[in-house]
Each structure stands twice: as C-alpha cells, then as structure tokens.
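Accompanying notes for the structure given below.
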Amino acid sequence: MSDRRYDDKEVAAIFRSAAERLQLAPQQASGEAGLTLADLQSIGGQVGISSDAVAHAALALDVRRESSPRTLLGLPIGVSRTVELHRRLTDEEWERVVVQLREVFDAYGKTRSDGSSRQWSNGNLRVLLEPTETGHRLRFRTLNAGARNSISVGLVLFGGSAVMALATAGVDTAAHAAAGFIPLSLVGLGLIANGALRLPKWARLRGRQMESVAIQFALPARSPEPRLHVPPVD
C-alpha cells in the first residue's frame, strides 16, 4: 500500500463508492435489502468518519424525509420537519427544548400546554411536542406569510393590468392601453420578485434550524464520562 493521503472530497467519494458496492453486492441470507445504521457506521469507521457523525447524518436524512413543504408557484413558502423521539420527554427536557428554540431562532416566543402536549410559537413558527404510542414526537412548521402576500398581490396586479389592457385595447389607442398596463404590471412583477427571490434562502435556513434542534433531542443521550477520584494531597 502507498502512503498517499486523501483529501476530504476523496474521502467522501471513497465512502460513497464503498456504500454503493455493498448495496450492489449479493444480499445476506436474511434477504433484507439496504444497509443498517451499524453497517454505515462500520463503513464510516474504516474511512475515519465517527459513529456519531454517521448517526447524526442518518437522523437528519430521516427528519428531512418526513417533511412536507408547502409551495406557491413551485416556491417553498412553508417549511416543516417531524422527528420521532421514541421516548417521552420530561418537563425538564421540554424546558431545554424551549431554551434551544429561543437561541436558534433568536425569538422568545410563547409556550402553551394542553394535557401531555406542549407548544412553542413565535408568529407563524410553531413547534409541537405530541404524544405517540412510543413516546413523543417533535413537529416543526412555519410559513413565510410576508413572501406569500407579496407574491399573491403581485399576481393580482399583474393579472389585473393585463385584463385592463385587453379591455381597453379596442377603445383607446395602443399608447393609452400601454400607459395603463405597464405601470401596474411592473409593480406586480416587482412584488412577485420581492417575495420569490428570498424564499429559497429562507427555506434552507429554517430547515437547518429545525433539524439542529430536532436531532439534538432525538439522538440517544450520552452517558456522562466517569470522573476519576483524585485523593487529596497531604
């Protein structure tokens, strides 16, 4: 073996290729397709990726898979994430969730309790802690109402200006029709662009923020490191 060293991109490519080779290999006697988390962690360990990092990435994939984006004209005006905790959060843990939400979203928000359900909200952003058969789940959802309203009003103005131009085209001169159509259409297009351009970046940021909180409380808690007893010095 050579002593060649691989950079980060090469390591990622090797790991991806190793996973693909295992997926294409003949299945074991159990006949179950795919790889388990333990399989992925074993592969990661061979290329220097920690088990915690693999578990974190796998959980993030599951959280994103449970999302149901809300769109307008193909643009993400709503973001949601759901994570199954498979355990019940204590009141103290829920308080820690609220602290993390306030730090991550930079908003104090409001809390509300309804039986075993909990909620933290700030405007259109809502985080729900809901009971399930296996414990609790955290459900995040938000809506960019400002961008939605901007796009909606822009569409109305643009459509209205087009209707106005068609209705007056046979009566007024082309110059008069254009004089009524162009200003309204430009305002409408400006509002549409104002709402549309900021949505992709906003949706990515909100998704990452939701995932960071969800994963933190969905990953198994680590056992505290044992403390060494140091005898007092005489």
Side-chain angles (χ1 to χ4, degrees), residues 34 36-38 40-41 50-152 195 198-227:
T36 66
L37 177 59
L40 294 174
Q41 289 173 321
S50 70
S51 297
D52 287 346
V54 175
H56 188 285
L59 184 55
L61 179 65
D62 288 340
V63 172
R64 284 191 291 270
R65 187 177 60 184
E66 294 295 328
S67 64
S68 52
R70 185 174 173 182
T71 60
L72 176 64
L73 299 179
L75 296 167
I77 62 167
V79 180
S80 65
R81 295 288 189 272
T82 301
V83 59
E84 299 289 341
L85 302 179
H86 301 295
R87 63 187 180 89
R88 295 188 69 84
L89 256 62
T90 64
D91 291 341
E92 181 180 350
E93 287 177 309
W94 169 245
E95 291 173 359
R96 287 171 48 212
V97 172
V98 172
V99 170
Q100 287 297 310
L101 292 171
R102 288 170 174 166
E103 291 182 356
V104 170
F105 293 102
D106 192 21
Y108 187 79
K110 299 178 180 179
T111 58
R112 190 179 73 183
S113 299
D114 184 12
S116 58
S117 299
R118 303 284 187 272
Q119 177 178 294
W120 178 87
S121 61
N122 183 70
N124 291 319
L125 174 61
R126 281 170 173 61
V127 180
L128 306 172
L129 180 69
E130 303 170 326
T132 66
E133 293 182 356
T134 59
H136 275 125
R137 70 167 161 254
L138 275 172
R139 190 152 55 94
F140 303 74
R141 67 169 182 258
T142 190
L143 175 71
N144 195 323
R148 179 195 60 183
N149 294 339
S150 180
I151 294 173
S152 299
R198 58 184 175 177
L199 280 175
K201 182 178 180 180
W202 168 84
R204 289 193 297 270
L205 174 61
R206 285 290 180 265
R208 289 196 299 266
Q209 289 172 325
M210 292 175 179
E211 289 167 18
S212 69
V213 179
I215 292 171
Q216 179 178 347
F217 290 92
L219 287 172
R222 280 187 168 188
S223 301
E225 293 290 338
R227 291 189 174 184

Practice prompt. Could you walk me through whether Val97 and Leu129 pass side-chain contact (heavy atoms from CB on, under 4.5 Å), step by step?
Written response: CA-CA 10 Å; Val97 172; Leu129 180 69; over 6 Å; no

Worksheet item: Could you walk me through whether Val83 and Ile215 pass the side-chain contact (heavy atoms from CB on, under 4.5 Å) check?
Response: CA-CA 8 Å; Val83 59; Ile215 292 171; over 6 Å; no

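- With rounding to the nearest 0.5 Å, the separation of CZ in Arg118 from CD in Glu95 is 9.5 Å.
- Distance CG/Asp91 to CZ/Arg96: 13.0 Å, rounded to 0.5 Å.
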Worksheet item: Would Phe140 and Thr142 satisfy side-chain contact (heavy atoms from CB on, under 4.5 Å), going step by step from the backbone distance to the final call?
Response: CA-CA 7 Å; Phe140 303 74; Thr142 190; over 6 Å; no

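- With contacts defined as side-chain heavy-atom distances shorter than 4.5 Å, the pair Glu103/Val99 qualifies.
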Please tabulate, for the side chains in residues 119-128, all donor-acceptor contacts under 3.5 angstrom to protein atoms that are two or more places apart in sequence or on a different chain.
unit_1 : atom_1 : unit_2 : atom_2 : d
Trp120 : NE1    : Tyr108 : O      : 3.0
Asn124 : ND2    : Leu143 : O      : 3.4
Arg126 : NH1    : Gly123 : O      : 2.7

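- Nearest approach of Leu72 to Ser152, heavy atoms of both residues: CD2-OG, 4.3 Å.
- Looking at heavy atoms from C-beta onward, Trp94 lies out of side-chain contact with His136 at the 4.5 angstrom threshold.
- Here the CG-CD1 distance, from Leu199 to Ile77, works out to 7.5 Å after rounding to the nearest 0.5 Å.
- Listed here is the closest heavy atom pair of Phe217 and Glu93: CE2-O, 4.0 Å.
- The distance from atom OG1 of Thr82 to atom CE of Met210, rounded to the nearest 0.5 Å, is 9.5 Å.
- Considering CZ of Arg206 and CG of Asn144, their distance stands at 8.5 Å, rounded to 0.5 Å.
- Looking only at side-chain heavy atoms (C-beta outward), Ser116 and Arg88 come within less than 4.5 Å of each other.
- Counted within 6.0 Å of CZ on Arg70, heavy atoms from surrounding residues, nucleotides or ligands total 12 or fewer; the atom is thus considered open.
- Closest approach of Ala203 to Pro76, counting heavy atoms only: CB-CG, 3.6 Å.
- The CD atom of Glu130 sits 9.0 Å away from atom CD of Glu84, with the distance rounded to the nearest 0.5 Å.
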Item to complete: For Arg112 and Lys110, run side-chain contact (heavy atoms from CB on, under 4.5 Å): C-alpha distance rounded to whole Å, both residues' side-chain angles, the deciding distance at 0.1 Å, then the answer.
Response: CA-CA 7 Å; Arg112 190 179 73 183; Lys110 299 178 180 179; over 6 Å; no

